[in-house]
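The structure under discussion appears below in the form of structure tokens.
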Amino acid sequence: MYVAVKGGEKAIANAHRWQADRRRGDRRRPELEVSQLTRQLPLAVDRVMAEASLYDPELAGLALKQASGDLIEAVFLLRAYRTTLPRLAVTVPLQTDAMQIERRISATYKDIPGGQILGPTYDYTHRLLDFLLLAEGETPGPERSDRPLDPCPQVLELLDAEGLVERERDDGSEPVDITQEPPGFPADRATRLQMLARGDEGYLLALGYSTQRGYGRNHPFAGEIRQGPVEIEIEVEGYDAPVCIGEIVISECQMVNQFSGSREEAPCFTRGYGLAFGRNERKTMAMALVDRALRAGELGEPIEGPAQQMEFVLAHADSVEASGFVSHLKLPHYVDFQAELELLRRLRREHAERQAATTSTDSGEARA
Amino acid sequence: MTQIQRQRVLALTPREHLETLWDALGIRVDYRPTRGPETGMAMVRGRIGGTGRTFNLGEMTLTRASIVLIDGTPGDGWVRGRDKSHAELIALVDACARHEHWQRRIDAELIAPLADELAERREAASRTAASTRVDFFTMVRGE
């Protein structure tokens with residue numbers, strides 16, 4: 001247990017000053033601007049926004065700079081800032097089918113209306129270091145087609161006229177908001193998705209991977225992955241229709257998984273869903289795998305793998321909570337440890353006394 | 001053009017560009033803020049599977065402003081992010097557009113060109129995406 005301590009102000013101030021100096025680095029080199037981070041490290045910025053659960057690229061870039069590039073620290077900073085802002089509105093649910101497509105692929109259907117759009121991606125690169133980036137060279141602008149994209153409808157809604165894939169329908173229910181009420185277990189799917197959306201990518205990736213390796217296998221296919229800006233609307237009193245406040249970039253992953261059925265319902269493919277702020281494709285794929293794994297109970301599957309254990313998965317997904325609890329071990333635990341020392345010394349004393357008593361009895365028996 | 005259509009175009013236009021075009025329009029009118037501008041958050045909602053039950057994805061920053069013109073005409077503005085002058089300028093345009101003599105000019109000389117530019121930006125982005133459209137061929141195994 002941690003017991004509060006006092007003092008050390010000067011040393012702490014000096015330590016922070018040194019950290020700021022380290023962050024600034026060699027003064028002969030220009031200082032990094034936040035706008036450079038948001039423009040040239042956009043995927044780091046997107047990850048910080050997604051896991052902080054606050055979409056604001058400039059603030060995420062600032063957090064990244066302030067944290068010297070430590071992503072988890074940056075997430076913590078942005079999450080903490082979040083608590084200083086009032087909630088002004090709840091948006092109309094995102095219409096991901098109205099996204100301005102930058103990337104859209106399906107691994108289940110080859111020929112899809114609108115086509116397979118690779119967008120900006122590291123897929124199909126050879127993962128060879130590009131030494132040209134060490135030199136200052138010009139980067140050519142993107143290629144442009146003569147014609148814009150054809151409409152890209154949602155693959156799973158469109159191509160499944162036979163009803164082979166489970167459909168998601170809105171029952172009009174109001175979702176729980178974990179920022180207003182702490183989640184309890186078992187948590188419903190909407191609550192789980194809110195928790196997964198802010199979950200640490202590395203953690204979700206490992207859990208998703210574990211399902212592929214057999215710990216709660218769910219036979220996934222990437223039904224559709226899409227990325228791009230979507231317009232955001234809010235309801236405003238006195239207006240007869242929702243009001244657009246701008247656009248944000250999001251990533252979505254629709255997994256199609258192994259089928260289930262029952263006496264009443266014909267077998268059909270089930271689904272897992274991933275959605276995240278920014279260009280966070282890997283995160284949404286992992287999220288969709290874990291979302292599907294957490295539906296095991298509802299779909300009557302045996303719960304055998306760690307990724308299927310709801311409380312375990314959800315209670316440890318948030319890097320702010322996890323790093324907070326792990327990091328508190330660094331704080332002075334002198335009193336607590338002193339008590340442990342006392343206890344251990346007493347146990348060892350008692351142990352020694354017992355040993356001594358046994359030895360003298362043994363030697364006594366030997367003499368007899 | 002409705003108030004909601006105007007608000008959309010104004011929110012989707014970068015602030016500096018909007019300021020330039022607004023200044024060029026030459027509508028000068030005194031106003032005072034009645035609320036904000038204030039920055040807060042909107043909770044962004046998604047739908048399970050894109051079409052199903054709603055869930056809370058996470059929050060985004062949002063700034064709103066309300067003003068009144070000197071003659072008492074109110075105006076409101078909302079914009080993603082933390083740019084207070086952007087929200088206030090949207091509110092000012094909203095208020096001015098409630099006057100019939102300004103409305104026609106605002107729609108014709110501000111909103112319509114901005115809507116065209118927005119459409120052009122989106123078309124350019126769409127053509128860029130279209131250049132990465134790929135056709136995969138399925139190979140027969142052993143080929």
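The figures that follow rest on heavy atoms only: side chains count, while hydrogens, waters and symmetry mates do not. Naming: A, B, ... by sequence-line order, numbering from 1 per chain.
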Inset, instruction - Select one option (side chain, backbone, both, neither) describing which atoms of B:Ile4 are under 4.5 Å from chain A's heavy atoms. - result: side chain
Legend entry - salt_bridge(B:Arg82, A:Glu58) N-O dist < 4.0 Å: yes
Legend entry - chain A contact via B:Glu38 - side chain, backbone, both or neither, heavy atoms under 4.5 Å: both
Inset, instruction - Answer with side chain, backbone, both or neither: which region of A:Gln95 has an atom nearer than 4.5 Å to a non-hydrogen atom of chain B? - result: neither
Inset, instruction - Measure across A:Ala50 and A:Asn280 and return the closest heavy-atom pair with its distance rounded to 0.1 Å. - result: CB-ND2, 3.5 Å
Inset, instruction - Return the minimal non-hydrogen interatomic distance between A:Leu204 and A:Lys283, and the atom names on each side. - result: CD1-CE, 3.8 Å
Legend entry - Closest non-hydrogen atom pair between A:Arg279 and A:Ser251, with its separation: CA-OG, 3.4 Å
Inset, instruction - Considering only NZ, NE, NH1 and NH2 on the basic side and carboxylate oxygens on the acidic side, decide whether B:Glu88 and B:Lys84 come within less than 4.0 Å. - result: no
Legend entry - Side-chain donor-acceptor pair present, A:Ser145, B:Ser131, cut-off under 3.5 Å: no
Legend entry - Interface residues of residues 113-122 of chain B facing chain A - non-hydrogen atoms under 4.5 Å apart: B:Arg122
Inset, instruction - Check each atom of A:Val230 against the heavy atoms of chain B and say whether the ones under 4.5 Å are side chain, backbone, both or neither. - result: neither
Legend entry - Reported CG-to-CG distance for the pair B:Leu69 and B:Asp71, which is rounded to 0.5 angstrom: 5.0 Å
Legend entry - chain B contact via A:Leu193 - side chain, backbone, both or neither, heavy atoms under 4.5 Å: both
Inset, instruction - Applying side-chain contact (heavy atoms from CB on, under 4.5 Å), name anything that partners A:Cys152, two or more places apart in sequence or on another chain. - result: A:Ile101, A:Arg104, A:Arg226
Inset, instruction - Quick one: pull up SG in B:Cys96 and CG in B:Leu110 and give me the separation to the nearest 0.5 Å. - result: 10.5 Å
Legend entry - For chain B, the option from A:Ala190, A:Pro57, A:Pro148 that forms the most heavy-atom pairs under 4.5 Å: A:Pro148
Legend entry - chain B interface, residue from A:Glu247, A:Glu166, A:Glu157, A:Arg271 that has the most non-hydrogen pairs under 4.5 Å: A:Glu247
Inset, instruction - With a 4.5 angstrom heavy-atom cut-off, could you sort out which part of A:Arg167 is near chain B: side chain, backbone, both or neither? - result: neither
Legend entry - Under 4.5 Å from a heavy atom of chain B, the part of A:Tyr273 involved: side chain
Legend entry - Any side-chain heavy-atom pair of B:Asp107 and B:Gln5 under 4.5 Å: no
Inset, instruction - May I ask you to decide whether A:Arg79 forms a salt bridge with A:Asp318, counting only side-chain N to carboxylate O separations under 4.0 Å? - result: yes
Legend entry - Heavy-atom contact with chain B under 4.5 Å, split by part of A:Asp188: side chain
Legend entry - Heavy-atom closest contact (A:Ala187 atom, A:Leu314 atom, distance): CB-CD1, 4.3 Å
Inset, instruction - Answer with side chain, backbone, both or neither: which region of B:Ala124 has an atom nearer than 4.5 Å to a non-hydrogen atom of chain A? - result: both
Legend entry - chain B contacts, top residue of A:Asp171, A:Thr84, A:Thr96, A:Asp97 (heavy-atom pairs, under 4.5 Å): A:Asp171
Legend entry - Greatest number of heavy atom pairs closer than 4.5 Å to chain B - which of A:Asp111, A:Val243, A:Asp150: A:Val243
Inset, instruction - Indicate whether the side chain of A:Arg292 and that of A:Thr270 have a donor and an acceptor atom separated by less than 3.5 Å. - result: yes
Legend entry - Heavy-atom pair count under 4.5 Å with chain A, highest-scoring of B:Arg80, B:Arg45, B:Arg47, B:Gln7: B:Arg45
Legend entry - Structural part of A:Glu252 lying under 4.5 Å from a heavy atom of chain B: side chain
Inset, instruction - Select, from B:Val79, B:Leu57, B:Leu62, the one with the greatest count of heavy-atom pairs under 4.5 Å involving chain A. - result: B:Leu57
Inset, instruction - Looking only at non-hydrogen atoms, find the nearest pair between B:Thr61 and A:Leu59 and report the distance. - result: CG2-CD1, 4.4 Å
Inset, instruction - Among B:Gly77, B:Gly81, B:Gly49, B:Gly50, single out the residue with the greatest number of heavy-atom pairs under 4.5 Å to chain A. - result: B:Gly49
Legend entry - Contacting moiety of A:Leu156, where chain B heavy atoms sit under 4.5 Å: neither
Legend entry - N-O pairing of B:Asp94 and B:Arg98 below 4.0 Å: yes
Legend entry - Top of A:Gly114, A:Pro242, A:Gly228, A:Gly141 for chain B proximity - count of heavy-atom pairs under 4.5 angstrom: A:Gly114
